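What follows is a single structure, written as structure tokens, with notes after it.
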Number of protein chains: 4
Amino acid sequence: MAPTTAIPHTPQNQTKAARRPPRRENRRQAVLKASAALFKSKGFERTSVRDIAAASGMLPGSIYFHFRAKEEILLAVQKAGIQHLSDAVESAILDVQEPWAKLEAACIAHMRVILGESDFAAAVLDISAARNSSVWPQIAAMRDEYEKNFRQLVDDLPVPPGTNRKYLRLALLGSINWTHRWYRPGRDSPAQLAVEIVWLFRCGLDPE
Amino acid sequence: MAPTTAIPHTPQNQTKAARRPPRRENRRQAVLKASAALFKSKGFERTSVRDIAAASGMLPGSIYFHFRAKEEILLAVQKAGIQHLSDAVESAILDVQEPWAKLEAACIAHMRVILGESDFAAAVLDISAARNSSVWPQIAAMRDEYEKNFRQLVDDLPVPPGTNRKYLRLALLGSINWTHRWYRPGRDSPAQLAVEIVWLFRCGLDPE
Amino acid sequence: MAPTTAIPHTPQNQTKAARRPPRRENRRQAVLKASAALFKSKGFERTSVRDIAAASGMLPGSIYFHFRAKEEILLAVQKAGIQHLSDAVESAILDVQEPWAKLEAACIAHMRVILGESDFAAAVLDISAARNSSVWPQIAAMRDEYEKNFRQLVDDLPVPPGTNRKYLRLALLGSINWTHRWYRPGRDSPAQLAVEIVWLFRCGLDPE
Amino acid sequence: MAPTTAIPHTPQNQTKAARRPPRRENRRQAVLKASAALFKSKGFERTSVRDIAAASGMLPGSIYFHFRAKEEILLAVQKAGIQHLSDAVESAILDVQEPWAKLEAACIAHMRVILGESDFAAAVLDISAARNSSVWPQIAAMRDEYEKNFRQLVDDLPVPPGTNRKYLRLALLGSINWTHRWYRPGRDSPAQLAVEIVWLFRCGLDPE
DNA sequence: AATGAATGAGGCTTCATTCAT
DNA sequence: GATGAATGAAGCCTCATTCAT
């Protein structure tokens with residue numbers, strides 16, 4: 001008991017061990033946020049480390065205290081973007097049971113992120129810088145891991161026998177991800193778009 | 001036969017008008033071909049003018065006899081790629097009348113090009129370098145022009161009333177273009193893939 | 001005796017003077033040892049303060065508690081290396097009287113150190129970093145001081161009149177120091193090498 | 001015959017093929033010369049590519065038209081230095097027959113170069129930058145090749161049976177090369193120094 | 001005594017581009 | 001038509017050092 005009454009006077013001590021890392025982590029996050037925004041607007045290759053430093057309120061050399069190389073920033077941005085997507089999708093499907101509803105919920109969550117304001121998600125969709133970088137293997141692994149969610153969702157769908165589920169999944173993902181090339185906020189929300197697209201796949205068009 | 005006897009008197013003129021331009025054009029095409037291949041494998045930004053020159057059998061300075069700037073090469077590559085697509089699609093739908101068959105023919109042609117060996121088409125699908133370049137407006141205009149084909153094809157489709165044809169078109173294009181991110185030559189040919197995807201949109205999945 | 005009775009009242013003083021400095025001195029020695037090893041294997045310029053810190057189990061900033069600048073580490077390493085040599089030579093010649101035997105003893109001691117495992121001595125022989133540093137004057141002074149030993153030894157030698165003792169000394173030192181560029185532990189020990197070399201100078205080769 | 005009368009009007013053509021390379025070669029030599037001087041006075045690591053460019057009358061980027069990397073300049077400087085030595089020694093011993101005289105001639109030539117004004121030879125003797133560079137294997141090979149000359153010269157010497165010729169050679173080379181650490185132009189010339197040193201090895205000191 | 005974080009200058013190198021020849 | 005040589009800006013990154021804590 002004595003200790004517990006003695007320590008309250010020095011709350012810094014307790015928080016020091018808990019706050020220091022956050023400090024560093026904050027700066028790191030600042031770099032990532034600035035980088036994601038720059039990557040989105042100018043592309044990875046056209047963004048210089050100087051740009052990133054300036055946007056993060058640092059000097060160029062300081063970036064290298066937090067990241068070993070420019071490509072490690074790319075990796076971290078991609079990781080964060082995929083994590084955003086993953087978190088959103090997983091929490092969206094948590095309480096949904098019916099297969100089509102579950103898929104729809106996942107698509108809505110996915111699309112809300114990629115069409116939302118997250119610069120991170122935008123970075124995920126621009127694959128070309130990632131594919132040509134030295135960290136592509138790691139990025140590809142994370143992407144695959146994320147796509148497993150959709151594989152499961154599509155596999156659970158009640159579809160006519162003979163349906164190629166792989167093509168179905170990839171066609172759906174293509175339709176959905178392609179939206180970020182043309183979508184502009186306006187009449188329809190990302191969620192409505194998701195619903196429409198899932199509906200297209202579900203019901204088809206042929207009136208006959 | 002007559003020409004061969006008539007022309008010999010002005011050999012320079014003829015060679016100037018008939019041989020030089022081809023020669024120059026040949027070199028230009030060589031640069032474009034090499035560039036498209038390099039852009040495909042390394043990306044635009046990671047391809048240097050030196051790389052292009054080396055792959056074209058020239059020295060760096062010589063490139064500038066054919067193009068005013070690196071980004072003009074990008075523009076020309078994109079133009080050629082879109083032209084390939086356009087030619088293929090237009091000739092494919094020429095003799096087809098039925099709307100769904102016509103769309104299918106277009107998709108098959110489109111997909112054959114983008115999944116084929118044309119480095120030019122691959123360059124077209126990597127939008128990010130183009131979007132961040134100074135020639136993006138011109139590239140965007142060409143892409144739009146090409147997509148008009150598909151707008152027409154989708155508009156001619158007999159679909160249930162209330163169908164959002166814009167979303168349908170974009171979803172279809174998304175599914176189709178997305179293939180170049182995952183397709184590997186093997187069991188199914190690009191044409192079969194196109195058929196499958198169009199079928200998905202046409203018939204839907206819901207067994208009920 | 002008086003001091004020992006006066007001090008017990010201030011135990012802090014004693015521990016401060018007797019315990020803390022050793023601790024600090026230990027860390028300092030650790031830095032020097034790590035530095036000597038790194039300088040030997042990578043050279044002074046290619047060794048970063050970070051390298052030294054890591055090899056000493058510290059962080060970069062901590063080095064500066066013990067040394068004001070990287071070049072002061074170089075100075076300290078050189079000083080330690082020369083001290084090793086000096087101690088070895090002085091104790092080796094202590095009980096030897098005969099001039100040639102005395103020189104031989106010195107050479108054996110010298111060569112044992114420079115061909116031994118002391119990273120410090122190796123640092124001494126790599127003159128180029130030292131010569132280009134800002135602490136070169138101090139280093140040069142220490143080297144000169146050490147070489148005085150050999151000057152004395154050579155001056156005491158009974159040699160034919162007309163012999164240029166300066167050249168003799170420098171030729172001998174050259175032969176001896178050069179060994180560290182080619183010697184590899186094996187058949188002959190450093191001491192045997194020293195004996196051979198001194199013998200060469202003493203007896204000459206010309207059979208006539 | 002006709003051609004020979006037609007061509008004189010364009011003498012540039014002929015010289016173009018013969019002068020262009022020299023032009024490039026001249027600039028390359030300028031870089032090497034400036035580099036050797038800078039390496040001698042500041043050391044390789046403390047010499048920046050900017051320094052070299054400035055001393056060669058170029059901009060930093062231009063250096064890389066002539067050399068692929070800073071270390072390739074080091075390699076070229078070392079190569080030139082060793083070539084100087086090799087040429088000097090080979091031509092010096094060409095007409096000498098008697099073994100001791102031949103060795104002496106070689107030593108004189110060698111020492112004239114290393115104590116002369118050639119910045120290249122000075123670079124050769126500063127081994128530490130070379131040893132820590134990535135081009136060390138190539139440099140080491142060239143050095144070995146050069147030292148073979150001396151191996152031959154020492155092997156041809158008439159010496160008492162039991163003499164270790166390897167140690168003899170290395171001791172002699174040590175004495176000779178060490179001079180560049182202490183020699184200052186003055187009373188004795190490099191050649192006189194060489195004679196004295198060879199004499200030391202030949203005749204020994206022991207008056208008995 | 002030591003550390004974490006940052007600094008800012010400077011390192012080597014690449015690059016698109018130019019231009020006399 | 002093409003080349004060789006150079007340019008100069010900018011690229012990524014490392015480094016010795018500092019300083020509040």
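Keep in mind that this is a model prediction, so the values were computed, not measured. First the proteins, then the strands, lettered A, B, ... as listed; each starts at 1. Because only heavy atoms are used, hydrogens play no part in the values below, and waters and symmetry mates are left out as well, while side chains stay in.
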Taking it one step at a time, do D:R46 and D:D51 satisfy side-chain contact (heavy atoms from CB on, under 4.5 Å)? CA-CA 9 Å; D:R46 296 193 187 233; D:D51 292 337; over 6 Å; no

How many Å lie between CE on B:M58 and C1' on E:dT17, as a whole number? 16 Å

Let me have a per-nucleotide readout for nucleotides 9-15 of chain F, 5' to 3', with B, S or -, counting only protein heavy atoms under 4.0 Å. --BBBBS

Can C:Y64 and C:V49 be said to form a side-chain contact (heavy atoms from CB on, under 4.5 Å), step by step? CA-CA 10 Å; C:Y64 288 82; C:V49 174; 3.8 Å; yes

Donor-acceptor pair, side chain of B:K79 and main chain of B:Q138, under 3.5 angstrom: no

Quick one about B:E71 and B:S133 (side-chain donor to acceptor, distance below 3.5 Å, no hydrogens or angles considered), yes or no? no

For B:H66 and for D:H66, locate the closest nucleotide of DNA chain F by heavy-atom distance; then report the residue assigned to the nucleotide nearer the 5' terminus. B:H66

Without decimals, in angstroms, what is the distance between C:I63 CD1 and F:dC19 P? 18 Å

Nearest heavy-atom neighbours spanning B:R27 and B:G57: NH2-O, 3.7 Å

Of C:F65 and A:L59, the one whose closest DNA chain E nucleotide lies more 5': C:F65

Tell me which residues in residues 128-137 of chain A lie within less than 4.0 Å of DNA chain E, going by non-hydrogen atoms. none

Test item: B:F44 and A:E45 side chains (from C-beta on) under 4.5 Å apart, heavy atoms: no

Work out which heavy atom in C:A123 is nearest to a heavy atom in C:Q78; give both atom names and the distance. O-NE2, 3.1 Å

Taking OP1 and OP2 of E:dA6, is either one under 4.0 Å from a side-chain nitrogen or oxygen of A:R27? yes

To the nearest Å, give me how far apart CZ (B:R28) and C1' (F:dA2) are. 17 Å

Would you call D:I52 and D:F39 a side-chain contact if the rule is heavy atoms closer than 4.5 Å? yes

Residue A:R24, side-chain atoms from C-beta onward, closest of F:dA2, E:dA2, E:dA5: E:dA5

Partner of C:S35 under side chain to side chain contact (heavy atoms under 4.5 Å, CB included), chosen from C:T47, C:L74, C:V77, C:I63: C:V77

Evaluation steps, side-chain contact (heavy atoms from CB on, under 4.5 Å), between C:H66 and C:L32: CA-CA 10 Å; C:H66 300 283; C:L32 287 182; over 6 Å; no

Report the secondary structure of DNA chain F in dot-bracket form, marking unpaired bases with a dot and bases paired to a different strand with |, and treating Watson-Crick or G-U pairs with both distances under 3.5 Å as paired. .||||||||||||||||||||

So does A:D126 pair up with B:R131, basic N to acidic O under 4.0 Å? no

